[in-house]
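What you see is a predicted model, and the numbers here were worked out from it, not measured in a lab.
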Amino acid sequence: MPCEKQPRFLILYGSQKGQAQSIAEGIADEAAEHGLVAEISCLSRHEEYRLERESAPVVFIVSTTGDGEPPDTTLKFVKTIRAKTLPSDFLKNLQYTLLALGDTNYANFCNCGKTIDKRLQELGANHFYATGHADDGTGLEVVLDPWIEGVWDAIKAALSKMSSNSKLTLGGLPSTEVTGLSSESDVAAAKSAQEAQTDQVREECVVAEPSLTYSLPPLSQSSLNVPALPPPYLEVTLNDCPVFVTFYEVPVTNAVQMTRGDSVKKALLLELDISAHPTMTYMPGDSFDVLCPNRASEVDAVLLRLGLQDQKHQRVQLAVRRDTQKRGAQTPPHVPDNCTVQYLLTWCLEIRSVPKKAFLRALVDCAGDSGQKRRLQELCSKQGSADYNRFIRDSSLCLPELLTEFSSCTPPLSLLIEHLPKLQPRPYSAASSTLRHPGRLRFIFTVVELPACPGRPEGRRGLCSGWLADLVAPVLVCPGTDESSCGQAQLPQIHVRMRPSGTFHAPTDPTAPLIMVGPGTGLAPFLGFLQQREIERRDSPEVAFGETWLFFGCRHKDGDYLFREELEGFVSSGTLTHLKLCFSRDAAPPPACPRYVQHNLRLHSQRVSRLLLRHDARLYVCGDARNMAKDVNDTLMEMVRAELQLDQLGAMKTLAALREEKRYLQDIWG
């Protein structure tokens with residue numbers, strides 16, 4: 001009897017760092033279990049799809065980047081559908097759903113997905129399933145898991161509705177006690193894990209709380225909905241040379257610790273010599289990327305666990321497996337041809353990334369201990385979502401730490417390449433102007449400290465900030481010392497590339513008032529603004545420059561006040577009209593002394609509001625997205641409401657208009 005043709009649907013994704021692509025591929029991999037065939041394509045490959053002619057349901061998975069901008073892979077698609085020449089019924093036959101990814105710690109949450117969704121509706125397209133908005137700030141899984149769980153029935157219903165000529169039989173899979181298992185190895189793992197439950201019950205007699213490696217009832221005794229095993233798709237061969245990157249190698253000519261030794265947070269100023277690279281130009285407000293490696297000790301730990309220590313200098317050759325069931329499988333573009341194993345783990349793969357559930361599912365089959373198999377199944381299951389968030393996601397646990405805790409787990413190198421994302425360069429804001437520092441690029445940063453937690457017995461530093469701090473330690477000038485005390489240590493070198501900002505620049509009109517909010521290292525771009533303004537004032541004394549306001553804050557005035565002398569110099573020269581300071585941990589509490597920058601904004605609400613709303617001022621905010629930027633935005637909302645006598649909705653629309661006019665700009669990070 002001939003095989004019945006399975007119904008198809010289309011998945012289109014727009015991804016910046018691989019998150020949306022990974023989710024799209026996971027849905028495509030799961031389609032066969034639901035009796036469906038998924039075709040998958042990136043939105044940038046416009047030649048592979050024609051939405052106006054599409055006869056099958058379409059699933060969009062779209063992320064948002066920057067200040068609500070579309071990912072690079074989505075720019076052309078967004079531009080195409082925004083064309084005003086398209087008729088309002090252009091996509092009248094399109095049945096679609098959309099999952100938008102975003103982070104509520106940033107402005108314009110899920111903006112790209114919302115933009116696409118709105119425009120598709122304007123062109124006549126119809127939803128067959130409700131749009132999902134997944135928030136990385138609280139955990140994508142909160143929305144993602146139930147959205148995916150419900151999408152399958154919605155796709156089938158849409159197919160049934162769209163099909164007028166034939167009846168499609170949509171079969172299911174036989175259920176097992178541990179559902180979602182698709183291979184003999186899955187079933188074997190499930191059985192051995194269930195046998196291990198007896199051993200775990202003994203452990204529960206002495207374990208009062210669940211941990212990364214142990215669970216308690218009811219989870220430890222529950223049947224689990226475990227995701228299907230992601231199909232492997234890479235063949236890795238090792239042969240008997242570092243790979244060159246497209247970054248500029250520049251020396252660090254100066255390194256200064258800006259905070260006192262007893263400060264809670266250590267802030268460093270680095271100065272780079274870029275004079276040998278005349279194409280490396282920048283403006284105040286621009287940022288640049290630093291290419292940093294994974295920590296050598298963590299790379300060595302992974303090599304040891306994978307049994308590749310003796311082969312770390314052999315070259316890696318990748319090929320797509322001929323027998324793979326993964327649709328559209330291809331070798332990852334961020335792995336160079338013939339790089340060594342050590343180079344791959346050092347410069348190409350983000351081994352510090354938080355493992356996704358699909359990765360945990362793949363690790364189940366790599367664990368030799370039955371109890372550890374069961375726990376990995378729990379952590380990747382629907383029932384174990386709370387434990388996954390608590391012990392892995394919220395703790396930012398990474399692969400080396402996970403392998404330390406799950407000592408029987410020995411994954412192959414191919415699994416790491418399939419599941420670990422590209423090691424991304426880290427962005428930093430320029431803290432200088434070339435008018436003041438020709439041939440130099442300065443930046444400041446805080447050395448990030450991650451505390452100890454279950455699964456991480458000792459705290460660790462942030463990947464790039466910790467690496468930079470170690471790199472410049474021999475030449476670092478600390479408070480109370482001078483440069484001569486560092487001796488003649490060789491200048492360290494780092495790899496960087498510029499990433500010009502399209503909008504975060506001082507206004508071209510020098511008469512426009514400038515309002516800057518930058519606590520801590522968020523001060524960085526405003527140093528460049530003020531350095532540039534000071535020289536422009538000197539060179540153009542006839543120009544009536546606008547007011548400049550800077551709202552700066554830190555913990556302690558004596559230990560954490562960055563660039564104190566330079567800022568006071570700007571005030572003395574008239575470059576900085578108003579310097580508003582707050583010190584959150586010093587003795588005098590509010591209202592005698594404002595604690596945070598938003599409190600200082602509120603104290604000067606009337607003057608700032610009128611500059612912003614009636615005198616064409618520009619407002620810039622730089623720094624922490626999770627707390628400061630949200631609090632500043634809420635304060636601005638109150639200020640706008642009071643100044644214009646508006647309700648909440650009216651104030652929101654006013655701030656949105658300021659963003660649209662590029663008069664309210666943010667450079668923030670999570």
Side-chain angles (χ1 to χ4, degrees), residues 256 258-259 267 269 282-286 429-437 440 442-444 501 504-554 557-558 560-584 593-594 596-612 615-623 628 632 635-636 639 663-667:
V256 181
M258 303 300 295
T259 48
L269 163 69
Y282 69 94
M283 296 173 59
D286 283 345
S429 297
S432 54
S433 164
T434 53
L435 295 182
R436 168 75 69 82
H437 301 283
R440 296 291 190 267
R442 290 181 154 205
F443 68 106
I444 53 177
S501 168
F504 204 85
H505 294 143
T508 55
D509 177 7
T511 66
L514 204 60
I515 304 165
M516 300 164 284
V517 182
T521 56
L523 173 65
F526 307 133
L527 290 171
F529 282 17
L530 293 168
Q531 290 170 9
Q532 186 119 337
R533 175 63 65 92
E534 186 170 58
I535 293 174
E536 290 172 345
R537 279 169 49 87
R538 182 196 66 193
D539 295 344
S540 304
E542 75 284 357
V543 175
F545 286 85
E547 290 184 48
T548 50
W549 291 65
L550 174 62
F551 292 85
F552 173 76
C554 58
K557 182 176 183 179
D558 291 336
D560 305 299
Y561 188 171
L562 305 179
F563 298 93
R564 179 175 182 173
E565 291 183 6
E566 187 167 359
L567 293 179
E568 291 175 349
F570 289 138
V571 174
S572 298
S573 69
T575 302
L576 182 55
T577 318
H578 304 281
L579 175 59
K580 302 303 178 184
L581 303 169
C582 53
F583 306 103
S584 61
C593 178
Y596 299 115
V597 287
Q598 63 268 23
H599 300 147
N600 234 338
L601 272 172
R602 195 175 289 118
L603 279 179
H604 300 88
S605 172
Q606 190 174 63
R607 295 180 69 185
V608 171
S609 298
R610 290 181 178 176
L611 285 173
L612 187 61
H615 296 281
D616 203 33
R618 271 54 166 187
L619 173 68
Y620 301 83
V621 180
C622 183
M628 183 276 298
V632 166
T635 300
L636 289 171
M639 292 164 57
R663 294 205 295 117
Y664 173 22
L665 297 165
Q666 293 178 312
D667 178 7

Indicate the atoms forming the closest heavy-atom contact of [X] with [Y], along with that distance.
X: I444; Y: L562; result: CD1-CD1, 4.3 Å
X: P594; Y: H599; result: CB-CB, 3.8 Å
X: S433; Y: P284; result: CB-CG, 4.0 Å
X: S540; Y: F545; result: O-CE1, 3.7 Å
X: S429; Y: P525; result: CB-CD, 4.1 Å
X: N600; Y: L581; result: ND2-O, 2.9 Å

(request) Report the C-alpha distance between Y282 and T434 in whole Å, list the side-chain angles of each, state the deciding distance to 0.1 Å, and finish with yes or no for side-chain contact (heavy atoms from CB on, under 4.5 Å). (result) CA-CA 8 Å; Y282 69 94; T434 53; 3.4 Å; yes
(message) If you apply the rule side-chain contact (heavy atoms from CB on, under 4.5 Å), what do you find for K557 with R564, and how did you get there?
(response) CA-CA 9 Å; K557 182 176 183 179; R564 179 175 182 173; 3.4 Å; yes
(message) Under a 3.5 Å distance rule, please check whether S432 uses its side chain to pair with a backbone N or O of R442 as donor and acceptor.
(response)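 Yes, S432 side chain to R442 backbone: donor-acceptor pair under 3.5 Å.
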(request) Measure from the side-chain N and O atoms of T259 to the backbone N and O of D560, and report whether any donor-acceptor pair falls under 3.5 Å. (result)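 Answer holds: no.
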(request) Take F551 and V608 through the side-chain contact (heavy atoms from CB on, under 4.5 Å) test and state the conclusion after the steps. (result) CA-CA 11 Å; F551 292 85; V608 171; 3.9 Å; yes
(message) Quick one, D616 with R663, criterion side-chain contact (heavy atoms from CB on, under 4.5 Å). Give me CA distance, side-chain angles, the key distance, then yes/no.
(response) CA-CA 8 Å; D616 203 33; R663 294 205 295 117; 3.2 Å; yes
(request) Identify which one of V597, L527, L567 satisfies the side chain to side chain contact (heavy atoms under 4.5 Å, CB included) criterion when paired with L550. (result)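 Exactly one candidate clears the test, L567.
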Is there side-chain contact between [X] and [Y], with heavy atoms separated by less than 4.5 Å?
X: H437; Y: Q531; value: yes
X: R436; Y: E534; value: yes
X: P519; Y: Y596; value: no

(message) Tell me whether the count of non-hydrogen atoms from other residues, nucleotides or ligands lying under 6.0 Å of CD in E568 goes above 12.
(response)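 Buried by this count: over 12 neighbours within 6.0 Å.
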Nearest 0.5 angstrom please: [X] [atom1] to [Y] [atom2], how far?
X: M628; Y: Q666; atom1: CE; atom2: CD; answer: 8.0 Å
X: L269; Y: T521; atom1: CG; atom2: OG1; answer: 12.0 Å
X: R533; Y: T548; atom1: CZ; atom2: OG1; answer: 6.5 Å
X: I535; Y: L435; atom1: CD1; atom2: CG; answer: 5.0 Å
X: R618; Y: H505; atom1: CZ; atom2: NE2; answer: 14.0 Å
X: R602; Y: Q598; atom1: CZ; atom2: CD; answer: 7.0 Å

(request) Describe, in one word, how the ring planes of F504 and F529 are oriented to each other, choosing from parallel (under 30°), tilted (30 to 60°) and perpendicular (over 60°). (result)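 It falls in the tilted class, 30° to 60°.
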Report, one line per pair, each donor and acceptor closer than 3.5 Å where one atom sits in a side chain of residues 509-518; sequence neighbours left out.
unit_1, atom_1, unit_2, atom_2, d
D509, OD1, T511, N, 3.0
D509, OD1, T511, OG1, 2.7
D509, OD2, T511, OG1, 3.0

(message) Exactly one of F570, W549, F552 should register a ring pair (Phe, Tyr, Trp, His ring centres under 6.0 Å) with H578. Which one does?
(response)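 Exactly one pass, corresponding to W549.
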(message) Looking at R537 and D539, is any side-chain nitrogen of the basic one under 4.0 Å from a carboxylate oxygen of the acidic one?
(response)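 Between R537 and D539 there is no salt bridge, as every charged N stays at least 4.0 Å from the carboxylate O atoms.
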